Undergrad: 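Below you will find the structure I want to go over with you.
All values derive from a computational prediction rather than experimental measurement. No hydrogens, no waters, no symmetry mates; every other heavy atom, side chains included, goes into these values. Protein chains get the first letters and strands the later ones, always in sequence-line order, with residue 1 at the start of each.
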2 protein chains.
Amino acid sequence: MLQPEELGQIEKKLHQAGLKLTPQRRATVKTLVRLHESHLSAEELFAKVKEAEPEIGLATVYRTLEVLAELKIVNRVSFEDGITRYDLRTEDSGHFHHHLLCQICGAVEEIHEDLLVDVEMKVKEKYGFEVADHRLTFLGVCAKCRAKRQRHLQ
Amino acid sequence: MLQPEELGQIEKKLHQAGLKLTPQRRATVKTLVRLHESHLSAEELFAKVKEAEPEIGLATVYRTLEVLAELKIVNRVSFEDGITRYDLRTEDSGHFHHHLLCQICGAVEEIHEDLLVDVEMKVKEKYGFEVADHRLTFLGVCAKCRAKRQRHLQ
DNA sequence: CTCACTGCAAATATTTTGCATCGGA
DNA sequence: TCCGATGCAAAATATTTGCAGTGAG
């Protein structure tokens, strides 16, 4: 929805950090914004970026992702499968988002609602731990697969 | 605390699943229970098990961990560093536990308190997602490092 | 006695790095 | 122009697999 906006924002951030805006970085960021719902791995992103920028190398994608993670533009996440995925931080709210991973169909849905405000406060008070960020994934059965299961039980 | 108890429980589970109780599996499970607070990687666990069972191979440790994960005896977890770690499920409560990962010193602390009862209910109601399990890690600064930081600021 | 299990080494998969070259600022 | 950024290939890690031999049940 606010994708072009985000694209500009991110390029600005890169610029402010004193980094060069190479065509490879542009293409990588652009693809990342376009497919931000997909939770791509480095390899997958590489394949997508290559469509627009065939000269790009996999190492550059890794290096760009590293830079983006340092600038807090993306989060590294991993869903049990040992592959690191990259998740664009939503720029609209300063808030994190959570994931719903369906164990039947493998779909990952995002929840853009901070459910942990109270919990984080409790962690701070009770354990003296200052929370800066979090990773929360629920594993279970998504609405679609639940419906499907119902149908099959008849 | 209830380690020997757990050890027996786990071996019983393996047996019930029709799996052989080889010396390698015994040694692996025993080490896992003994060091259950360490969040070991396969490689680290291998090194530890090797002390008691020098003949064991790394592949066996991987294969044993796979079996244990299938039987829900361990959870796979990963803390952003690309390495899969294995976390013994606490047998005492049926409940999950959460992690506090200190970004300064790298320590991982466990919280054995289910903070998400309300949140999971909300997820079910609002998103139609049936939660079976979750992974929750807070990233931040642990109490120890906070104290250290205070001292250095003086 | 049988077949699941194992060790070892080779194969894969994933990510990082060295280095000569290129090109954005 | 200059130094950061890139591509490529090689290296470093992490994990899986094929296979012949072994031993738990």
Undergrad: Identify the heavy atoms of Lys20(B) and Arg25(B) that sit nearest to each other, and give their distance.
TA: O-NH1, 3.0 Å
Undergrad: For the residue pair Glu113(A) and Tyr127(B), confirm or rule out a side-chain donor-acceptor distance under 3.5 Å.
TA: yes
Undergrad: With a 4.0 Å heavy-atom cut-off, tell me which residues in residues 22-29 of chain B come close to DNA chain C, sorted by residue number.
TA: Thr22(B), Gln24(B), Arg25(B)
Undergrad: In whole angstrom, give the distance that lies between atom CG of Leu21(A) and atom C1' of dC22(C).
TA: 17 Å
Undergrad: Quick one: does Glu53(B)'s side chain get under 4.5 Å of Thr31(B)'s, heavy atoms only?
TA: no
Undergrad: Verify side-chain contact (heavy atoms from CB on, under 4.5 Å) between Leu35(A) and Leu45(A), making sure each step is shown before the conclusion.
TA: CA-CA 9 Å; Leu35(A) 302 174; Leu45(A) 179 60; 5.8 Å; no
Undergrad: Sub-3.5 Å donor-acceptor pair from the side chain of Arg76(B) to the main-chain atoms of Asp81(A), do we have one?
TA: no
Undergrad: Glu43(B) has an atom CD; how far is it from atom P of dT16(D), in whole Å?
TA: 12 Å
Undergrad: Under 4.0 Å, counting only non-hydrogen atoms across every strand here, what does Leu19(A) touch: a base, just sugar-phosphate, or nothing?
TA: sugar-phosphate
Undergrad: Just the rounded figure in Å: distance from C1' of dG24(C) to NZ of Lys20(A).
TA: 5 Å
Undergrad: Taking 4.0 Å as the cut-off, does a side-chain nitrogen or oxygen of Tyr62(A) come that near to OP1 or OP2 on dT15(C)?
TA: yes
Undergrad: Distance check needed: dA5(D) P versus Glu53(A) CD, whole Å only.
TA: 16 Å
Undergrad: With His97(A) as reference, evaluate Leu115(A), Ile111(A), Asp87(A), Leu136(A) under the side-chain contact (heavy atoms from CB on, under 4.5 Å) test and give the passing residue.
TA: Asp87(A)
Undergrad: So do Arg89(A) and Ile73(A) actually touch side chain to side chain, heavy atoms under 4.5 Å?
TA: no
Undergrad: State, without any angle test, whether Ser78(A) and Ser78(B) hold a side-chain donor-acceptor pair at a distance under 3.5 Å.
TA: yes
Undergrad: Counting only N and O atoms by type, is there a donor-acceptor contact under 3.5 Å from the side chain of His15(A) to the main-chain atoms of Lys12(A)?
TA: no
Undergrad: Show the numbers, then the answer: is there a salt bridge (Lys or Arg N to Asp or Glu O under 4.0 Å) between Lys72(B) and Asp133(B)?
TA: CA-CA 11 Å; Lys72(B) 306 274 181 205; Asp133(B) 199 351; 5.9 Å; no
Undergrad: Check for a donor-acceptor pair, side chain of Glu44(A) on one end and backbone N or O of Ser41(A) on the other, with a separation under 3.5 Å.
TA: yes
Undergrad: Testing the basics here: between Lys50(A) and Ile56(A), what is the closest heavy-atom pair and its distance to 0.1 Å?
TA: NZ-O, 3.7 Å
Undergrad: Output the rounded distance in Å from CD1 (Ile83(A)) to P (dT13(D)).
TA: 20 Å
Undergrad: Measure from CG on Leu58(A) to C1' on dA5(D) and round the result to the nearest Å.
TA: 16 Å
Undergrad: Using whole Å, what does the distance between atom C1' of nucleotide dT16(D) and atom CG of Asp81(A) come to?
TA: 15 Å
Undergrad: Output a table of nitrogen or oxygen pairs between the protein and nucleotides 8-11 of chain C separated by less than 3.5 Å.
TA:
none

Undergrad: Name the residue closer to the 5' end of DNA chain D, choosing between His15(B) and Glu66(B) according to the nucleotide with the nearest heavy atom.
TA: Glu66(B)
Undergrad: Give the rounded distance in Å between these two atoms: CG of Leu65(A) and P of dT17(C).
TA: 15 Å
Undergrad: For the helix from dC1(C)-dG25(D) to dA25(C)-dT1(D), figure out the bend between the end axes, five pairs an end, and round to 10 degrees.
TA: 40°
Undergrad: Need one value for Ser41(A): base, sugar-phosphate or nothing, where a base atom within 4.0 Å counts as base even if backbone is also close, heavy atoms only.
TA: nothing
